[in-house]
Amino acid sequence: MKTTQSFLALAAAAGPSLAAKSLLATPPMGFNNWARFMCDLNQTLFTETADAMASNGLLAAGYDRINIDDCWPLHNRAKDGSLQWDPKLFPDGMPWLGSYLKQRGFHFGIYSDAGNLTCGGYPGSLGYEEIDAATFERWGIDYLKLDGCNVEPFSAERYREIYSHWHDVIDRMSKPLIFSESAPAYFCGDEHGNNTDWYDVMDWVPNYGELARHSYDIPVYTDRTAWRGVLTNYAMNTLLARHQTPGFFNDPDFLIADHPKLTLTEKKSQFALWCSFSAPLIISAWIPGLDKDMLEVLKNERLIAINQDPLALQATLVSQDGKWDVLSKSLSNGDRVLTILNRQAHDDKLFVSFERAGYSADSTGAQKYNVTDLWTGASDTSVTNGVTANVPSHGVQVYRISPLSGGGDSVVPTGMVFNTATYKCLTAGTDGATVSLGNCTASDGQVWKFGGDGSVRSIAFPNNCLGAESNSGLVGLKTCDGTPRKEQQWQYQTTGILNSGVGGSCLSAGDNGSVVIKACGADFNKQVFEMPSGSLSTYSMF
Ligand SMILES: *[C@@H]1O[C@H](CO)[C@@H](O)[C@H](O)[C@H]1NC(C)=O
Ligand SMILES: *[C@@H]1O[C@H](CO)[C@@H](O)[C@H](O)[C@H]1NC(C)=O
Ligand SMILES: *[C@@H]1O[C@H](CO)[C@@H](O)[C@H](O)[C@H]1NC(C)=O
Ligand SMILES: *[C@@H]1O[C@H](CO)[C@@H](O)[C@H](O)[C@H]1NC(C)=O
Ligand SMILES: *[C@@H]1O[C@H](CO)[C@@H](O)[C@H](O)[C@H]1NC(C)=O
Ligand SMILES: *[C@@H]1O[C@H](CO)[C@@H](O)[C@H](O)[C@H]1NC(C)=O
């Protein structure tokens with residue numbers, strides 16, 4: 001286990017300094033065969049997919065990666081120890097395929113495994129890391145997805161040894177591979193409900209690569225349900241927003257753009273949510289067969305722009321109540337994204353205030369906004385208080401909100417604070433004094449704003465600050481002091497802790513829904529929270 005000191009060091013090390021040398025400034029876009037074809041792969045599938053992407057506009061829209069998944073090699077390595085492609089599947093060979101793709105403007109990516117067998121039972125890379133890296137380089141490959149099946153003994157420490165070794169090998173290459181790490185996926189959803197190892201792995205993967213395949217596989221083509229799986233991967237992603245930085249991306253898995261169990265509305269929703277997350281946009285579908293409607297969705301340049309925004313922020317939850325999820329994030333030009341998911345079995349409408357979308361409350365009403373519907377491109381400058389979204393069942397609406405000059409409005413990190421082990425929301429009591437962890441209901445008492453001075457206040461009681469009493473350890477609300485006392489100052493860390501100004505104490509789930517401060521541990525279920533994007537950088541007490 002890490003000590004308090006080492007996790008503080010880790011939080012600092014995982015900060016923006018890494019982004020500067022990242023190989024991947026914005027999330028990757030492209031194709032992978034797995035969810036659509038699984039082990040039914042061959043050379044023709046990849047050449048026909050690339051040809052189709054070049055002619056149907058997907059390549060021009062930014063989808064420039066062709067990635068091969070499991071089941072491509074022979075079962076035996078060559079005499080010199082190198083991996084060999086299966087010549088029945090790839091008669092012209094990988095170097096030929098690599099140059100075919102490169103000539104048409106694509107990057108070429110491949111799959112291997114950290115253990116000694118892949119998930120499909122083909123040779124894994126354990127003990128052959130240098131040889132395999134050299135082979136991939138020779139074949140013109142620049143992207144490696146390293147899966148985590150068959151790693152023994154099964155422990156977070158063993159995964160760390162192997163993935164950090166791969167990092168060292170890749171780092172020594174003349175052109176380092178983009179490194180997609182599946183390690184965290186092997187630690188999510190612990191059967192005992194203990195997330196410690198998952199959090200621990202998520203803390204270190206940013207030090208070694210560019211992408212975290214963090215949770216369950218997205219439903220494959222033959223799965224009999226798909227919407228529930230999309231929502232599961234979406235939900236897992238909302239638990240990890242704190243880890244994403246420009247250059248390091250949480251990967252909730254493929255866009256299943258021709259899954260037979262998804263409606264067009266549901267496929268659009270997956271795309272819109274993944275765009276809002278700045279998640280990888282890797283399509284797993286039979287691309288030559290995509291219909292015109294779906295191609296238009298995947299090529300929507302307004303949504304791609306928020307996915308590829310240089311800030312690369314992952315939208316975070318503003319509210320959630322079982323019917324609606326509302327998310328938002330900032331864009332590099334100062335605009336806000338507002339994303340609204342209707343989980344209900346019927347069409348419905350929802351009003352979301354500009355304050356909830358992340359702007360400071362405008363008491364004068366002078367601030368004007370330009371609200372653009374990113375599906376249609378239609379914009380509206382007549383609204384002053386917020387946005388009313390009409391959203392079909394299982395649909396997602398996404399808006400880009402630009403403040404127009406005149407009001408002097410500013411962006412404040414705004415939204416839910418929730419425990420990522422229990423999904424319980426930090427809730428201001430109606431008395432304006434007590435605080436608890438309760439079911440998420442989207443009430444004003446569950447929408448929190450993070451001030452640049454370390455203060456945390458719900459929009460229900462804007463003059464009351466979240467505070468910790470050093471004697472009792474109980475957390476509650478009190479009138480904000482002009483200059484916040486240390487009891488009213490908080491600092492959020494990449495590890496998910498909310499550090500209190502009361503030295504070395506962290507926000508913790510107490511008994512019976514109470515909220516307390518306790519000595520900070522590392523990766524404890526009771527101390528890991530998600531907060532609005534931007535709250536990581538608002539206030540520094542160190
Ligand atoms: C290649 O794979 C695709 C997808 O599974 C399949 O439809 C096609 O028949 C295969 N072609 C060859 C030449 O094996
Ligand atoms: C797999 O790797 C382990 C070490 O992690 C080794 O002990 C075992 O013999 C290997 N199995 C095979 C089939 O190579
Ligand atoms: C949770 O898992 C970690 C790492 O495996 C372990 O050290 C810790 O004791 C576990 N906590 C509980 C409450 O079981
Ligand atoms: C509002 O935004 C749209 C694009 O999102 C733009 O075309 C339009 O000019 C903007 N309107 C104003 C008044 O700025
Ligand atoms: C919270 O939600 C759970 C599960 O939906 C429910 O059983 C419980 O009664 C709710 N608690 C309150 C206080 O509403
Ligand atoms: C929590 O609630 C239960 C049931 O109401 C009660 O028996 C217990 O004493 C409470 N625990 C604390 C620490 O308040």
Side-chain angles (χ1 to χ4, degrees), residues 1-3 7 31-52 66 68-72 85-92 97 153-160 184 186-204 220-222 258 284-290 300-306 309 331 333-338 367-384 387 398-407 419-422 495 508-509 518 521-528:
M1 282 310 310
K2 296 191 298 288
T3 65
F7 83 74
F31 167 82
N32 178 299
N33 59 292
W34 182 258
R36 178 61 172 80
F37 297 100
M38 293 159 281
C39 289
D40 290 333
L41 78 177
N42 56 50
Q43 174 177 303
T44 316
L45 171 62
F46 294 99
T47 55
E48 288 183 355
T49 294
D51 292 347
I66 302 280
I68 299 184
D69 214 279
D70 202 356
C71 308
W72 61 265
W85 62 82
D86 183 336
K88 283 211 286 298
L89 302 179
F90 297 91
D92 293 306
L97 181 56
F154 180 80
S155 71
E157 214 28 61
R158 181 66 179 138
Y159 278 79
R160 186 174 190 161
Y186 290 82
F187 296 91
C188 82
D190 177 274
E191 58 185 312
H192 308 295
N194 180 352
N195 289 341
T196 295
D197 285 334
W198 192 43
Y199 299 143
D200 172 46
V201 174
M202 281 304 302
D203 289 342
W204 54 252
V220 297
Y221 193 71
T222 49
D258 65 355
S284 198
W286 170 233
I287 302 264
L290 288 178
N300 182 309
E301 57 189 18
R302 293 174 293 273
L303 283 158
I304 290 174
I306 65 164
D309 184 78
L331 297 171
N333 74 344
D335 291 356
R336 295 285 292 176
V337 173
L338 177 65
Q367 180 67 55
K368 298 269 189 291
Y369 302 87
N370 183 8
V371 177
T372 304
D373 175 334
L374 296 188
W375 283 126
T376 64
S379 61
D380 183 352
T381 55
S382 68
V383 283
T384 48
V387 180
V398 190
Y399 300 95
R400 183 172 186 136
I401 306 174
S402 319
L404 297 170
S405 56
N419 179 275
T420 59
T422 61
T495 48
S508 303
K518 279 216 169 132
D523 305 324
F524 293 165
N525 275 6
K526 289 186 172 180
Q527 289 188 348
V528 177

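Each ligand, and each atom within it, is numbered from 1 in the order the structure gives.
- For S402 and D335, the side-chain atoms include at least one donor-acceptor pair closer than 3.5 Å.
- Polar contact check, T381 against ligand 4: no nitrogen or oxygen pair lies under 3.5 Å apart.
- Taking C71 as the reference, C39 meet the disulfide (SG to SG under 2.5 Å) condition, with sequence neighbours excluded.
- Judged purely by atom type and a 3.5 angstrom limit, D373 has no side-chain atom pairing as donor or acceptor with the backbone of A378.
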Starting from the N and O atoms of ligand 1, find every protein N or O within less than 3.5 Å and list the pair with its distance.
from, atom 1, to, atom 2, distance (Å)
ligand 1, 2 (O), N42, OD1, 3.4
ligand 1, 2 (O), N42, ND2, 2.3
ligand 1, 5 (O), D40, O, 3.0
ligand 1, 11 (N), N42, ND2, 3.0
ligand 1, 14 (O), N42, ND2, 3.1

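- In this structure, the side chain of N370 does not engage the main chain of P403 through any donor-acceptor pair within 3.5 Å.
- Legend: residues meeting side chain to side chain contact (heavy atoms under 4.5 Å, CB included) with K526, ordered by chain and number and at least two apart, are A509.
- With a 4.0 Å cut-off on non-hydrogen atoms, D197 touches ligand 3 through its side chain and not its backbone.
- Listed by atom number, the atoms of ligand 3 under 4.0 Å from N194 heavy atoms are 1 (C), 2 (O), 3 (C), 8 (C), 10 (C), 11 (N), 12 (C), 14 (O).
- A distance-only check finds a donor-acceptor pair linking the side chain of Q527 to the backbone of G521 [under 3.5 Å].
- Sequence neighbours left out, the pairs with a member in residues 33-51 that pass salt bridge (charged side-chain N to carboxylate O under 4.0 Å, His left out) are R36-D258, D51-R104.
- Note: Y199 and F187 fail the aromatic proximity criterion, with ring centroids not under 6.0 Å apart.
- Near T372, with a cut-off below 4.0 Å to any heavy atom, the atoms of ligand 4 are 2 (O), 3 (C), 4 (C), 5 (O).
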